[in-house]
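Reading through the structure tokens given below for one structure.
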Number of protein chains: 2
Amino acid sequence: MFSMSLPTLADVARAVGVSRTTVSNAYNRPDQLSKQLRDRILAAAEDLGYPGPDPVARGLRRGRTGVVGLVYDEPLSYMFTDPAAVLFVTGLATVFDDAGTSLALLPRLRVDDPDAGVLAEAAVDGLVSFCEASDDERIAAFVARRLPFVTVDGGSTRAACRVGIDDRGGTRAATRHLITLGHRRLAVAAFPRHHHEGRPGRPERGALRPARLGGIRDAVEDAGLPWDSVVVESADEEGTRREAGRRVGGRILDRSPRPTAVVAMSDELAAGVIDAARDRAISVPDELSVVGFDDTPTAASTAPALTTVHQPLVAKGETAARLLLDGAPDAVVELPVELVVRESTAPPP
Amino acid sequence: MFSMSLPTLADVARAVGVSRTTVSNAYNRPDQLSKQLRDRILAAAEDLGYPGPDPVARGLRRGRTGVVGLVYDEPLSYMFTDPAAVLFVTGLATVFDDAGTSLALLPRLRVDDPDAGVLAEAAVDGLVSFCEASDDERIAAFVARRLPFVTVDGGSTRAACRVGIDDRGGTRAATRHLITLGHRRLAVAAFPRHHHEGRPGRPERGALRPARLGGIRDAVEDAGLPWDSVVVESADEEGTRREAGRRVGGRILDRSPRPTAVVAMSDELAAGVIDAARDRAISVPDELSVVGFDDTPTAASTAPALTTVHQPLVAKGETAARLLLDGAPDAVVELPVELVVRESTAPPP
DNA sequence: TTGTATGCGTTATCAA
DNA sequence: TTGATAACGCATACAA
């Protein structure tokens, strides 16, 4: 015969003629019973095909699952397509892996799921929010559960526990670098704007990463240049980020007068801008300077190699993971960034 | 006052003056009660700060969690370091994301955890095993739970449900390509061997991906060449795979007579071999031909671009995910591979 | 449309 | 060293 359902701890107890408690102890507290009895129990379990205590039932009873969640507000495929995100997740995964904790990639937060059912229903002990949207209303669905949670790069979030970087200082340094080289016709290759389709009380579209834009503005105004002389083009969301960068790059380079320098909000976008320049036989850096952000491997592999703002992506992931594991209730960590000058910037022609 | 523990469904029921069933229905079967009552219940819940049904308790009752696990037998950081693995996971994640299922990256299967406690204790509805080790003994800990599971690239596994590629055909085609070009002094840049430290009844170290080695041998013997004329060097496991490739490449290129062609078991290794050639001012492909395996973005970005064996990595992930979601009990899928000739191969000098 | 009773599989507490 | 009891929080069959 073939029993449809698996044997439970109670079945084993019955078979051996002991209580459930004792069987439970055989698994969880070997020191609480004689070695012989334990061996007998384990043998019987093996015999019956008992696979050990059920993780879900154990989770219910113990009040913890050993899983932390990661939410992202773009399709997960984007996450793996973006080298910066991959590095961040690597940092997260490393720490959780060592801690014996599982990292659950939750289904994405959908624009059409304002109540964030996903977050209300995730069986996790804590949450890392890696959402670029600046609103954290949807996160409220999780906060209500009173579980630890960390926001990463949360922008304007008011979350108590967060880790981020000095976005503003980063783009400011990058832009100052260009201005110091003599550039006056600047352009920005910006992230796509974010959708809030139909959500009342919010702007229809908000700028993504306003701090990065703010840093550029800081540097421009510090130099006494008019902000409205700076061309800002936002990327779209088709295909890879690099392809999107190529398209924004095209729009920027086809303007006249043509900007002599582009500040891109990520290395992928910057690489795309360089692609667009190559399409047009515009030499980088002789005719066009380009700076990126992130300092992912992409930055070192473009031709010419990218001047960019380095951010400690893996460390950011590790930090977020530790804050969660340590249960730091309201730590706010800002990691430093650093301008790395390579070959994609030079004085204007 | 501050209640230490969250309100439960029962608290809401009491507050509203209805039964728990009715509150449960308010969440799970809106059509089973009047809209007014439902609204009253939801309002009271909001009021009390009830975050909705507890996911773990629900999981216990329903018998499913909405989570599938992914096991890997290397540190998770390796997974994200390897472009081929990232593409595979992208495929997985895309399908699960769309299905509203979470993908839990389980802590790695440790060599020193022969009972695979990780697998026995994971609160999941199914499992994807992405373990390169050819033994599946540790997986037995999971099989006992009678949950769906899929093995990917499982090598010699006897698992009922698996997806893989034509490893053997792939390296065979690649090797034949080299032999047809006229190469006779071949070398193989192989994967590291795998550890079975101290596990009784197993070889101390087993070759990883024996099928790929087998395909090379096939082609060599088909051509009537002696197999022992082929140099086989295994990579070590320090640093990135590409760095390891550079070291194996060095060992191969420093032999005399120097091989004129290298079959690498992955694009990362191949890229490393090209790095090693550059270190020694050996021209690829004029003095040395190199072929890879996988056809990741790396293959297109080396200089010269890699001749390699394309495998559908994303599709492999998608397939594995679908098999799991569809509960296919014992499907065996083998995806095709294809030789892609680029610029890293040419006739020998 | 609503409520009653029961069980999901485990572990913590306490007593023996 | 072992066992009885009582949660853990919920969802389902069934009755009303």
Side-chain angles (χ1 to χ4, degrees), chain A residues 3-41 44-45 48-66 120-125 144-147, chain B residues 3-41 44-45 48-66 120-125 144-147:
Chain A
S3 95
M4 208 43 236
S5 61
L6 258 49
T8 74
L9 189 139
D11 296 319
V12 177
R14 198 172 313 123
V16 181
V18 297
S19 75
R20 288 173 306 174
T21 305
T22 303
V23 178
S24 175
N25 282 336
Y27 284 94
N28 301 308
R29 303 183 174 173
D31 52 316
Q32 297 295 302
L33 72 185
S34 68
K35 179 165 172 12
Q36 340 171 23
L37 179 54
R38 183 172 130 94
D39 287 347
R40 240 173 73 219
I41 292 175
L48 292 174
Y50 174 64
D54 178 88
V56 178
R58 168 182 277 165
L60 176 60
R61 178 63 234 224
R62 297 226 250 234
R64 42 175 305 276
T65 63
E121 295 173 12
V124 297
D125 296 332
R145 292 173 60 184
R146 308 249 185 91
L147 291 174
Chain B
S3 96
M4 209 42 239
S5 61
L6 258 48
T8 73
L9 189 139
D11 295 319
V12 177
R14 198 172 311 123
V16 181
V18 297
S19 75
R20 288 175 306 175
T21 307
T22 303
V23 179
S24 176
N25 283 337
Y27 284 95
N28 302 308
R29 303 182 174 175
D31 51 316
Q32 297 295 302
L33 73 183
S34 69
K35 179 163 172 15
Q36 339 172 20
L37 179 55
R38 183 171 130 93
D39 288 347
R40 240 173 72 218
I41 291 174
L48 293 174
Y50 174 64
D54 179 271
V56 178
R58 169 182 274 166
L60 176 59
R61 179 62 234 230
R62 294 225 253 237
R64 40 175 305 275
T65 63
E121 294 172 14
V124 297
D125 296 332
R145 291 172 61 184
R146 306 252 186 91
L147 291 174

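First the proteins, then the strands, lettered A, B, ... as listed; each starts at 1. Remember, it's a predicted structure, so these values are computed and weren't measured experimentally. These numbers come from the heavy atoms of this one structure, side chains and all, not from hydrogens, waters or symmetry mates.
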task: Five pairs at each end of the helix from C/dT1-D/dA16 to C/dA16-D/dT1: take the axis at both ends and give me the angle between them to 10°.
output: 30°
Protein-nucleotides 1-5 of chain C N/O pairs closer than 3.5 Å?
residue: C/dT2; atom: OP2; partner: B/Ser34; partner atom: N; Å: 3.3
residue: C/dG3; atom: OP2; partner: B/Ser19; partner atom: N; Å: 3.1
residue: C/dG3; atom: OP2; partner: B/Thr22; partner atom: OG1; Å: 2.7
residue: C/dT4; atom: O4; partner: B/Thr21; partner atom: OG1; Å: 2.6

- line: In the 5' to 3' direction, the nucleotides of DNA chain D bounding the stretch that comes under 4.0 Å of a heavy atom in chain A are D/dT1 to D/dG9
query: Can you name the residues that form a side chain to side chain contact (heavy atoms under 4.5 Å, CB included) with A/Arg145, not counting sequence neighbours?
result: A/Ala122, A/Phe142, A/Leu147, B/Pro51, B/Pro55
Pairing residues for B/Ile41 by the side chain to side chain contact (heavy atoms under 4.5 Å, CB included) criterion, not counting sequence neighbours: B/Val12, B/Val16, B/Val18, B/Thr22, B/Val23, B/Ala26, B/Leu33, B/Leu37
- request: Please identify each residue that fulfils side chain to side chain donor-acceptor pair (under 3.5 Å) with B/Asp125, with sequence neighbours left out.
  value: B/Thr65
query: side chain to side chain donor-acceptor pair (under 3.5 Å) with A/Asp11: which residues, sequence neighbours excluded?
result: A/Arg14
field: Qualifying side chain to side chain donor-acceptor pair (under 3.5 Å) pairs, either residue in residues 50-62 of chain B, two or more places apart
entry: B/Asn28-B/Arg58
query: Restricting to pairs with a member in residues 30-41 of chain A, which pass side chain to side chain donor-acceptor pair (under 3.5 Å), not counting sequence neighbours?
result: A/Lys35-A/Asp39
Can you check the [X] [atom1] to [N] [atom2] distance for me, whole Å?
X	N	atom1	atom2	result
A/Tyr27	C/dA12	OH	P	16 Å
B/Glu121	C/dT10	CD	P	13 Å
A/Arg29	C/dT10	CZ	P	16 Å

- prompt: Where along residues 50-61 of chain A does a heavy atom fall under 4.0 Å from DNA chain D?
  reply: A/Leu60, A/Arg61
- prompt: If you look at every heavy atom in A/Gly59 and B/Val56, which pair is closest and at what distance?
  reply: C-CG1, 3.7 Å
- prompt: How far apart are the closest heavy atoms of A/Leu6 and B/Ala144, and which atoms are they?
  reply: CD2-O, 4.0 Å
- request: Return the set of residues passing salt bridge (Lys or Arg N to Asp or Glu O under 4.0 Å) with A/Arg64 (not counting sequence neighbours), or none when no residue passes.
  value: none
